[in-house]
2 protein chains.
Amino acid sequence: MGRKRLQEPADGRPTVHTVAARAGVSIASASRVLNGIGGSPETIRKVRAAAAEVGYVPNAIARSLQSQRTGLVALAVEDIGNPVYVEMMRAIESVVASSGRQLLVHATGGRIDNETALLRRLANRYVDGMIVSPIRVTDDHLTALVDSPVPVVVVGQLGADAPVDNVRTDSRHGVALAVDHLVASGRRRIGFVNGPLDTVPGTARDAGFRAALARHDIRLDEDLIEVGDFQYAAGRAATERLLARTDPDALVCANDLIAVGALHALLAAGRRVPQDVAVVGMDDTELARMMFPQLSSVSLGSAARGRRAAELLLQRIADPTVPPRREQVPPSLAIRASSGPPLPAPRPAAPATTHPTSEGVTA
Amino acid sequence: MGRKRLQEPADGRPTVHTVAARAGVSIASASRVLNGIGGSPETIRKVRAAAAEVGYVPNAIARSLQSQRTGLVALAVEDIGNPVYVEMMRAIESVVASSGRQLLVHATGGRIDNETALLRRLANRYVDGMIVSPIRVTDDHLTALVDSPVPVVVVGQLGADAPVDNVRTDSRHGVALAVDHLVASGRRRIGFVNGPLDTVPGTARDAGFRAALARHDIRLDEDLIEVGDFQYAAGRAATERLLARTDPDALVCANDLIAVGALHALLAAGRRVPQDVAVVGMDDTELARMMFPQLSSVSLGSAARGRRAAELLLQRIADPTVPPRREQVPPSLAIRASSGPPLPAPRPAAPATTHPTSEGVTA
DNA sequence: TTGTACGCGTTATCAC
DNA sequence: GTGATAACGCGTACAA
C-alpha cells in the first residue's frame, strides 16, 4: 500500500491540497471552484476564502502538463535588433499578448543549424507554436519545418509548395517598384547594395533587380552591384567599395540598415543625396523616416506580416487540422526626400529639406 | 486496485514508457540511460536504440514539473521597439541563451497595473526569474517586487533600499556630463527636452539638469525646458513648442529617440546643427551613430546593464540565498558631430561632416 | 453536488 | 545495476 500523498509541499507554497484541506473539502471540489465550474454556494465560499487566506496561485507547469498547453509562442529571427524584426516582433507580441499568451524570442544569428536545432527542440513541447523567419533554407531545414510536432508559421519566401503556413511578400516586385521609380526620375546608373546571395531574400532581391533593369532595357553593369551583410556597417563598407570603382546616380538597398550605411558612405564621399545620388531603402522601418534626408523605402509590410503570422498560428493552435495556408502581403513604395520627387510630376516648390514628418507618397 | 498506467499516449507520441517497453526494461532504467546516469552497457544500447527508433524526445513540461525549473527567463520593458530596450534585450538574450535558457518578452506599455499584474503572475512559476525595467513605481508595485516568489532583477533606479537585485546607472550624472560638455563648448542657453515627469527616469533627469545648470551658475529659464513622451514624435513636437517660444543654443534630450525628433525639428526650423544649436542625446544607441550629423549621446550602458542584470538573475536562480545586490554602471559621454568638439581643444581640421564611423570621444 | 482515484510524463528513492 | 513506485500539482472521469 503506497503512502498517502503529502498535503503540504516542502517549500511551503500552497497547492490545491492546501486549499482543500483548509476549506474542509476534497481537492476535486477545490479545483472545480477555482476553475469556476460548479460547487454549492457554501463550498464556493469556503474554497474562495481558503484560497485567499493562503494566497493560492495555480501552478502553471502542472496545469500545462494536464492541459498539454503551455500558453507560450516562440519567435525565431536572425537578429532581434534589426529594425525590421523589431517591428515584426512588436506586432506579434501584441497579437500573442491579447490572446492571453506570451512570447518567447530566439536570435538565430542566421545560422541554419541553430535554427533547425530550434525546430527539432519543438518536439519537447515547450511552446504551443512557433513563428520563424528563415533567411537561409536547406532541405534538412525544410523537413524539420514540415514534420514539426507543433504548429509552425513561416514568415518569408519558402521554396516550392511546402505544406506549411506561410506569410510572404513579393520582394522581387518590391525591388521593381524601387527601380521603376528611379528610372521614372531619370536615373540610369542604378546601383544595388544587396545582402548575402546565399540567403533567400538576397537571391530574390538580386533576381528582382536584374529583371527590373532588363524590363527597362538598361544594360546591367556588374560594377554597380555590391554585396555585404544585412547590417549598417556592411552596407556602408559595400557602398564604399562600389563608389571606389564606379559612379552611380542612384542606389537601391536591400534593407534600411544597408541604406543608412549607404547614405553615410555617400555623404562622406561628398555626394549629395538625392541631387547626385538617389537612395531607396527596403522594409520601410521607422528608421527610414528618422534619417535626414528621409529615406525612400519599399515597404514589405513587416508589421502586417508579423500580425498575420501570429493570427494564423493562433488559429492553427486552436484547430490543427486546417489545411496549410499561404498569404501574401503586397509591397509598396514610400517616396521621400532621399530619392526626390518622380520626374513625371515636377514640383517647383519641393525643397531639398523635406519636412521630416511628411509621410512618403505611396506609389 | 488501480488500472495499469497506459503505455502509449493517445496522440501517439513516444514517452519513456514507450522506450522502456520497446527496450524491454523498466522506465526507471530507461530514464537513467536517457539522462546518462548509470546502466549496463547492454541496457544502454537497448534503450538508446529504442529511443532512436521511436524518435523519443523528453517532454519539457513534465521535466519542469519534476525539476521545478522551466528554463525560461522573462523580460518586461515598456516598449520592445525602443532602441534602448532593444539593446538591452539583445544583451540579455545572449546571456540567457548561452546558459541554455530561453527568453520571454513582455511589453508593458509603461502601464503600472500591467506590470504589477505580471509580477503577481510570477507566482504561478511559469518562468524561473524575471528582469524588469520599470519607468513608473508605486508602493504596490514595490511590494510586488519584493515578495515575488521567483527571483527578480530590476534594471533602473529603485526608490530607497528595496531588498531586490538592482542594476542601475546614474542618469543625473549622465545629464551632468552632457551639460558640462555643452558649457565647456561655450553654450549658455541650454534647453532640455525631457520625458514624462511622472516617470523615474524623467524626474531623475530633470533633477540632474537643474543641478548641473546650478553648478555652472547658469540661471534656469523654464522656457528652455519641455516635456513629452520618450518617443520620436513626441520629441519632435516638444522641440517645436520649445523653439516657438525661445531660442536655445543647445539641447539636451532625455533619450536618443527624442534627440532624433529634436534634430528634425531644428533642421525643419532652419537651425544648423551644431553651428546654431548643439544636440546631445541619451542612451547612446546605434541610432545615434546612424544619424547625420551623428548624435553626441550619453551612454547609460544599456547593453552592459542588461548583461549584468541577466548574470545576476542567473546567479540568484542558482542560489536564491545570496543577499540582494546593487550594482551601478557609470554613464559616459560620446561626443560626435551634433555637438561639435569641445572648446578647450580647438581642432582646426575638424570638418562639419565628421566621418560617420568615427567613434565618439568618450569623456 | 461531492469525493476518490487516475493520468499528464518525468525524475528520484529505495529496496532488491 | 535494476525495477517498482512515489512525487511534482493539476484537472477530470466516474461513482456515490
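Basis for what follows: all heavy atoms, side chains included, without hydrogens, waters or symmetry-related copies.
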Examine [N]: is either OP1 or OP2 under 4.0 Å from a nitrogen or oxygen in the side chain of [X]? Give yes or no.
{"X": "Thr15(A)", "N": "dC8(D)", "answer": "no"}
{"X": "Ser26(A)", "N": "dT4(C)", "answer": "no"}
{"X": "Thr43(A)", "N": "dT1(C)", "answer": "no"}
{"X": "Ser31(A)", "N": "dC10(D)", "answer": "no"}
{"X": "Asn35(A)", "N": "dG11(D)", "answer": "yes"}

[N] [atom2] sits how many Å from [X] [atom1], rounded?
{"X": "Glu42(A)", "N": "dT2(C)", "atom1": "CD", "atom2": "P", "answer": "9 Å"}
{"X": "Leu34(B)", "N": "dT2(D)", "atom1": "CG", "atom2": "P", "answer": "13 Å"}
{"X": "Ile27(A)", "N": "dT4(C)", "atom1": "CD1", "atom2": "P", "answer": "9 Å"}
{"X": "Ile61(A)", "N": "dC8(C)", "atom1": "CD1", "atom2": "C1'", "answer": "14 Å"}

Nearest-nucleotide wise, let me know which of Gly39(B) and Leu65(B) is further upstream toward the 5' end of DNA chain D.
->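 The residue mapped nearer the 5' terminus is Gly39(B).
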Check whether the side chains of Arg101(A) and Ser99(A) place a donor and an acceptor atom closer than 3.5 Å, and report yes or no.
->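 Short answer, yes.
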Looking for any heavy atom pair under 4.0 Å, which part of the strands does Ser40(A) touch: base, sugar-phosphate only, or nothing?
->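 The residue Ser40(A) makes sugar-phosphate contact but no base contact.
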Identify whether any heavy atom of Ser67(A) sits under 4.0 Å from a base atom; if not, whether one sits that close to sugar-phosphate; answer base, sugar-phosphate or nothing.
->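 No contact.
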With a 4.0 Å cut-off, would you call Glu311(B) and Arg308(B) a salt bridge?
->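 Result for this pair is yes, salt bridge flagged.
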Electrostatic pair Arg90(A):Glu87(A) at N-O distance under 4.0 angstrom =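 No salt bridge links Arg90(A) with Glu87(A).
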From [options], nucleotide with atom closest to [X] side chain:
{"X": "Arg32(B)", "options": "dT13(C), dT12(D), dG9(C)", "answer": "dT13(C)"}
{"X": "Ala62(A)", "options": "dG1(D), dT12(D), dC10(D)", "answer": "dC10(D)"}
{"X": "Tyr56(B)", "options": "dT2(C), dG11(D), dT10(C)", "answer": "dT10(C)"}
{"X": "Ser29(B)", "options": "dG11(D), dT2(D), dT5(D)", "answer": "dT2(D)"}
{"X": "Gln66(B)", "options": "dG9(C), dT13(C), dT1(C)", "answer": "dG9(C)"}

Quick check: are there more than 12 heavy atoms from other residues, nucleotides or ligands sitting under 6.0 Å from CG of Asp319(B)?
->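 Yes, because the 6.0 Å sphere around CG of Asp319(B) holds more than 12 heavy atoms from other groups.
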Would you check if the side chain of Arg316(A) reaches a backbone N or O of Val322(A) as a donor-acceptor pair within less than 3.5 Å?
->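 Side chain of Arg316(A) to backbone of Val322(A), a donor-acceptor pair under 3.5 Å: yes, one is there.
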